[in-house]
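For reference, the structure discussed in these notes is given below.
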Amino acid sequence: MLNSNLEILSDYPFQRLRALLDSEPASHGLTPINLSVGEPQHPLPDIVPAALTRDLSALSRYPTANGSPAFRAACADWLKRRYALPDALLDPERQIVALNGTREGLYMLAQVVVPPQKNGQRPAVLMPNPFYQAYIGATAASGAEAVFVPASAENGFLPDFAGVAPEILARTALVYLCSPANPQGTVASLDYLTRLIELARQYDFVIAFDECYAEIYDAAPPPGGLEAAMALSGGRAGDAALNNVVVFHSLSKRSSAPGLRSGFCAGDARITQEFIKLRNYGCAGMMMPVVEASTELWREESHVEANRTLYREKFDIAQSILGNRFGFYRPAGGFYLWLDVGDGEAAAVKLWREAGLRTLPGAYLVRDTGDAVSAAAGKPYLRVALVCELEQTREAMQRFSKVLGG
Ligand SMILES: Cc1ncc(COP(=O)(O)O)c(C=O)c1O
């Protein structure tokens with residue numbers, strides 16, 4: 001009766017976290033602080049409430065299937081500004097897909113690009129390990145085999161896709177890459193990105209560049225998939241320039257608006273057009289007030305700069321309190337600490353019991369492939385999302401330091 005492809009899905013990390021912590025006694029009168037979910041808590045930009053309430057009569061009509069022309073143009077213009085892309089590279093009408101958050105887009109893409117068979121075999125989808133869980137949900141639903149490529153301290157937290165066996169690459173339909181990476185904050189270099197695109201074209205697979213943390217960075221703006229494709233084509237636009245490439249962007253982190261559910265993907269026109277077609281059959285259009293708010297947010301940068309400043313201040317706080325304990329490093333992008341605490345689950349329980357801190361064991365983001373590499377990639381770690389306001393972050397880091405010592 002049920003789809004057996006879904007059997008590889010275990011409990012979602014936050015369900016596992018609830019099972020781990022909810023039976024534990026509450027911490028001694030301390031106000032709990034939630035650092036487990038990557039849900040930005042910075043103030044919502046003023047643009048959002050104003051745009052959402054401007055024309056509520058739009059709610060009495062079905063939304064359009066793919067945002068509005070102004071929304072698609074705002075997304076394309078932002079991409080061009082952010083990655084210094086030539087004007088002719090993206091046709092907003094054909095190459096921008098409006099998404100109710102990127103999670104659904106990352107999930108749906110697999111249904112668009114994974115064929116029933118590739119080179120006469122079961123297709124494979126490659127993803128880093130640890131990884132954002134939507135990738136495996138997408139893979140399972142598509143019927144492909146999930147192949148987990150380690151992203152551990154040994155390889156600088158960057159998956160070595162070129163090192164995957166040629167027999168697997170030959171049946172690979174899709175690769176997910178997250179840069180800046182959740183959870184480790186690693187930023188893939190332009191060189192890494194161009195080599196990955198070359199590999200994709202050699203074996204004819206699609207790359208989903210998950211760039212939803214692209215605007216949360218420390219020193220330098222992370223390079224992106226479209227920029228790498230441009231580097232490969234010598235800066236020349238034209239449809240073939242984006243072959244095999246799809247990038248995903250979101251307002252959840254950039255604009256601290258995770259509840260808005262607003263993102264988009266862009267890239268290879270063959271894929272985006274098929275994607276737009278499939279969304280017509282099975283997905284809800286983005287609510288029109290959300291389309292309006294999103295259009296304005298993609299055209300506004302000062303709130304994004306303010307967000308980056310806040311994250312930098314929080315990393316300063318974490319750095320000054322944790323120093324070089326727990327393998328602390330300042331990630332190039334994203335807003336997570338990926339701390340080596342020896343045993344992430346034991347530390348999460350101790351931090352909850354004794355400090356009222358909710359953190360996520362690294363193992364919950366890793367698929368255990370039964371070898372030492374996958375164990376080392378997750379078990380020792382704890383993911384700490386620096387999403388609260390400054391003073392709460394300071395308080396959390398002080399409690400963390402006191403309870404775990406180090
Ligand atoms: C790596 C990664 N990709 C995608 C998403 C999805 O973001 P949204 O659906 O809010 O755009 C998240 C959210 O936490 C994420 O961490």
Side-chain angles (χ1 to χ4, degrees), residues 12-14 17 34-42 44-45 48 67 71 75 78 96-110 125 127-139 148-149 151 157-159 174-188 207-217 222 224-225 246-266 279 283-284 286-287 290-291 293-294 297-298 304 307 311 331-338 359-360 362 364-367 378 383-387:
Y12 206 70
F14 298 111
L17 188 64
N34 191 353
L35 308 166
S36 65
V37 189
E39 182 184 64
Q41 301 293 310
H42 300 174
L44 196 62
V48 177
F71 169 83
C75 297
W78 175 79
I96 300 285
V97 186
L99 302 170
N100 294 309
T102 49
R103 187 211 303 233
E104 68 147 48
L106 290 161
Y107 173 81
M108 281 294 292
L109 180 73
V125 173
M127 65 196 74
N129 203 15
F131 59 93
Y132 179 58
Q133 302 295 300
Y135 310 158
I136 191 170
T139 307
F148 305 97
V149 186
F157 299 124
L158 278 173
L174 174 63
V175 167
Y176 286 102
L177 176 76
C178 186
S179 174
N182 171 4
Q184 310 96 328
T186 320
V187 166
I207 311 166
F209 289 97
D210 181 351
E211 299 179 349
C212 80
Y213 293 92
E215 291 284 82
I216 314 296
Y217 53 82
V246 183
V247 299
F248 288 82
H249 286 277
S250 171
L251 291 174
S252 300
K253 324 292 179 185
R254 175 183 187 271
S255 299
S256 289
L260 194 64
R261 308 312 301 132
S262 179
F264 70 88
C265 70
R279 287 193 92 257
C283 298
M286 188 186 276
M287 284 169 61
V290 174
V291 172
S294 306
L297 288 171
W298 285 115
V304 189
N307 272 330
Y311 285 118
F335 49 53
Y336 300 103
L337 300 177
W338 185 240
T359 54
L360 190 70
Y364 293 5
L365 300 171
V366 168
R367 182 51 64 125
R383 193 188 76 173
V384 177
L386 295 187
V387 286

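This is a predicted model, so every value here is computed, not measured. Read the numbers this way: they start at 1 and go in the same order the structure lists the ligands and their atoms.
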Residues two or more places apart in sequence or in another chain: which of them pass salt bridge (charged side-chain N to carboxylate O under 4.0 Å, His left out) with Arg279? Glu104
What protein heavy atom sits nearest [atom], and how far away is it?
atom: atom 4 (C) of ligand 1; answer: Tyr132 CE2, 3.3 Å
atom: atom 10 (O) of ligand 1; answer: Ser252 OG, 2.5 Å
atom: atom 7 (O) of ligand 1; answer: Thr102 OG1, 3.3 Å
atom: atom 1 (C) of ligand 1; answer: Asp210 OD2, 3.2 Å

Assign the ring pair [X] / [Y] to parallel, tilted or perpendicular, where the plane angle (0 to 90°) is split at 30° and 60°.
X: Trp298; Y: His249; value: perpendicular
X: Phe14; Y: Tyr12; value: tilted
X: His42; Y: Tyr311; value: tilted

Taking only heavy atoms of [X] into account, list the atoms of ligand 1 that are under 4.0 Å away from them.
X: Arg261; value: 8 (P), 9 (O), 10 (O)
X: Cys212; value: 2 (C), 3 (N), 4 (C), 5 (C), 12 (C), 15 (C)
X: Leu106; value: 3 (N), 4 (C)
X: Gly101; value: 9 (O), 11 (O)
X: Cys178; value: 1 (C)

Arg367 atom CZ: more than 12 heavy-atom contacts under 6.0 Å: yes
Please report whether ligand 1 has a polar contact with Tyr336, defined as an N or O pair separated by less than 3.5 Å (distance criterion only). no
May I ask you to check if ligand 1 and Ser262 share an N or O to N or O distance below 3.5 Å? no
Hey, does the side chain of Gln133 reach the backbone of Phe131 with a donor-acceptor pair shorter than 3.5 angstrom? yes
Is the side chain of Asp210 donor-acceptor paired with the backbone N or O of Cys212 at a distance under 3.5 Å, no angle test? yes
Closest to atom 14 (O) of ligand 1 by heavy-atom distance, out of Lys253, Arg103, Glu104, His249, is Lys253
Check whether any side-chain heavy atom of Leu260 sits under 4.5 Å from a side-chain heavy atom of Ser294, and report yes or no. yes
One pair to check against side-chain contact (heavy atoms from CB on, under 4.5 Å): Phe148 and Ile136. What are the steps and the verdict? CA-CA 10 Å; Phe148 305 97; Ile136 191 170; 3.6 Å; yes
Examine ligand 1 and decide if any of its atoms is less than 4.0 Å from a heavy atom belonging to Tyr213. yes
